[in-house]
Structure formats: C-alpha cells, structure tokens
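Written out below as structure tokens is the structure these notes cover.
The figures that follow rest on heavy atoms only: side chains count, while hydrogens, waters and symmetry mates do not. Each chain gets a letter, A, B and so on, in the order its sequence line appears, and its residues count up from 1. Remember, it's a predicted structure, so these values are computed and weren't measured experimentally.
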Number of protein chains: 2
Amino acid sequence: MWHVYTMRIEDEIQQKDFKDDYRRLLVNLLFTNNWVNQQVMPFFRAHGLTLQQHNVLSILRGQHPEPVCFGDIQCRMADRSSNVTRLIDKLIEKGYATRDICQANRRMIEVRLTEKGLQKLEEVDEDMPALYQRFHNLSHEEAVLVSNMLDKLRG
Amino acid sequence: MWHVYTMRIEDEIQQKDFKDDYRRLLVNLLFTNNWVNQQVMPFFRAHGLTLQQHNVLSILRGQHPEPVCFGDIQCRMADRSSNVTRLIDKLIEKGYATRDICQANRRMIEVRLTEKGLQKLEEVDEDMPALYQRFHNLSHEEAVLVSNMLDKLRG
DNA sequence: ACTCTATATTTGTATACACAAGTAATGTAT
DNA sequence: ATACATTACTTGTGTATACAAATATAGAGT
C-alpha cells in the first residue's frame, strides 16, 4: 500500500522536475538566441551585410569559382525558411554576386561570387576574431561540449 | 632553436583549433536557433498565439490580478527588442488583456490579464508536454547541463 | 506530340521587426 | 513659475520573414 502511494509521489515529483528542466532549457535557448543575434547583427552590419547575406556569400565561396544554384543555397543555409531570391537580389545589387540561367537545366539559376564579393568576405574574416571573442566566456572544451549537445538536441 | 619553431607551430595549431571550435559553436547556435523556432512556432500558432504573445501573457499571469506596466514587460521579455505597444495591442484585440492609464504616474500603462487570457494560458499549459517532447533527444541531465552552459556563455 | 506531374524559382501579401523620431507626463534647477 | 531634461510609451518607415500562389521548365507515361 505505502509503496503504491510513494511511487505516485515520486512519479509526480519526477514529472514535475522533468518538465521544469526542459522548460528551463527552452527558455534558455530562446534567451540565448536573442543574445547571439545581438552579438552577431551589429558585427555584420558594420560590414554592410546581414547575417544571412554573409551566410550565402560563404556558401558561394565554398564552390568558387563554380556556381551554386538556388536550391543548394537554400539547403545549406542555417535559416532555411528565408527567401533566397530576395537575398540574392540584395547581393547582386551590392555587386557581390552574379546570376545566370543554367543552360543544362533552364529552370535553375547559377549564382557566382564576384571578385568584390570575395574581397568583402576576406575583409569580414579578418575581423572575425573580434566576434568570437564574445564567446570566450566558455572555455575551448566547453564550446565543443555545447556544440555536441546542440547537435544531439536537434537529433 | 627547434623549440622555438615547434612552439610557433603549436601556437598556430592551437589558434586554428580555437577559432574553429568557436566558429562551430556560433554556427551551431544559429542552426539550433532556427530549429527551436520551427518547433515552437507551429505549437503556439496552433493555439492562436505567437511565442512573444505567449511570453507576455505569462509575464502578466506572474502578477495576476495585479497589473504590469510596459517597461516591466519589456525588461522581462526574452526578446527585448520587440515593440511592446503593438504586441499588447494584439492581446487586447483578442480579449486576453486590458490596458489602463496608471493614476499614480500617468505616463505609465497598466496591463492586466483577463479571465479569457488566463483560460488561454491554461489551455496552452495542458498541451505543453507535447512541446517539451521535442527536446527529449537530450536526457534530463544533459538538458540541465546545456542550460547551465548557455547561462555561462551569456555571462 | 500531348497531358500530367514534379522541380526550381519568383512574386504577392500580410505580418513582424529594428531603429529612429515623436508625444506626453514628470522631475529638477534656476 | 519657467525652461530643460528625463521617463514612458507611441508612431512612422524601411526592411525582413512566413506562407501561399504563380510561373516556367523538365521529365514521364500514353
């Protein structure tokens, strides 16, 4: 009898702790999200880019001087949901990229990094240590640990 | 002589590893950020709320039936940068909150949760376990660990 | 060749956000 | 009392985002 009773209490407590710890994680992720944006946005803005624009430029550099098509860019972006067309428009406006219809499959658009875009990326790279500086509250090992945990979280 | 040389290499390697680990952390935080939003947004949308609207309602419940003024709401929100005025407007539109000019200091606005708002919160609460379910890739202990690390990261 | 479906990108629209400027009430110093 | 600064919230504006619908090309089956 008392066994059943205590089990119930334990279950209840366990459930409660359980819920609260994951809730704390969720709130923490949202806070951190916001904090990261506040660190990162002004950094890229100082270089005349948004985070996503820089992200796309980096993807383009990965294949440079080969082109990358829209779909591939979309797949590789951290933020999948955003509108690649209009992002690329901005980069072309600024002279950092070019677009051409792919002759092999005319539905596809080939996007290439320009020399100017490459220079901009190198300029940003030089400044990068200043950005990473802001993550130094965590040790080298802790940074690796958190990365691994986040990978695991997303499954 | 060789000592100096090897030291240089070690420094260089260390520097490189260092940089890459923090870079990986940054990219990982951005990816996770996006992933969390994709888990959370549809959940709240299914209840006719945005994440931020729910966040404000929770803050209001914390003081209920006492009012909370705009400034306090802004301070307590996860995303500090958003526009509280227009957020509250939405909640009032939906009948979840009320606003009154504070008689003690007529610059301030007192926001209160309505009965309807309270019911909506309870409805969301009941469904919460379904949301937390998505974080179960991490064990209880890992969830706590990551929370602590994120706290440390933000300083 | 013709229709149907799938793929790849674009456009439209409503909503959200960031930042700056604006308004209104209060406090403070002369 | 009057002028100036500060606080607390609001509004305006351009940009960004989410989601859905539209276009345009390619491939597959008949």
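- Atom CG of Asn37(A) and atom C1' of dT17(D) are 13 Å apart (whole Å).
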Chi angles and distances behind the side chain to side chain contact (heavy atoms under 4.5 Å, CB included) call for Leu87(A), Asn55(A): CA-CA 10 Å; Leu87(A) 250 171; Asn55(A) 193 208; over 6 Å; no
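- Judged by distance alone, with hydrogens and angles left aside, Arg86(B) brings a side-chain donor or acceptor within reach of the base of dG12(D), the pair sitting under 3.5 Å.
- Side chain Asn105(B) to base dT7(D): no donor-acceptor pair is found below 3.5 Å.
- Of the residues in residues 41-63 of chain B, those lying under 4.0 Å from DNA chain D by heavy-atom distance are Arg45(B).
- Closest-nucleotide positions on DNA chain D for Cys102(A) and Phe70(B) were compared, and the one nearer the 5' end corresponds to Phe70(B).
- With hydrogens and angles disregarded, a donor-acceptor distance shorter than 3.5 Å links the side chain of Asn28(A) to the backbone of Ser147(B).
- For Lys94(A), the side-chain hydrogen bond (donor to acceptor under 3.5 Å, both in side chains) criterion is met by Gln53(A), not counting sequence neighbours.
- Aromatic pair His47(B)/Phe43(B): centroids less than 6.0 angstrom apart.
- Annotation: Glu122(A), atom CD; neighbour count of heavy atoms from other residues, nucleotides and ligands within 6.0 Å is above 12.
- Between the CD1 atom of Ile101(B) and the P atom of dT26(C) there is a distance of 10 Å, rounded to whole Å.
- Atom CD of Gln39(B) is separated from atom C1' of dA18(D) by 17 Å (rounded to the nearest Å).
- Within the structure, a side-chain polar atom (N or O) of Lys90(B) is placed less than 4.0 Å from OP1 or OP2 of dA16(C).
- Taking atom CD on Gln38(A) and atom C1' on dA18(C), their separation rounds to 11 Å, with Å as the unit.
- Using a cut-off of 4.0 Å between Lys/Arg side-chain N and Asp/Glu carboxylate O, Lys90(B) and Glu93(B) are scored as not salt-bridged.
- Residue Arg107(A) places none of its side-chain N or O atoms closer than 4.0 Å to OP1 or OP2 of dA24(D).
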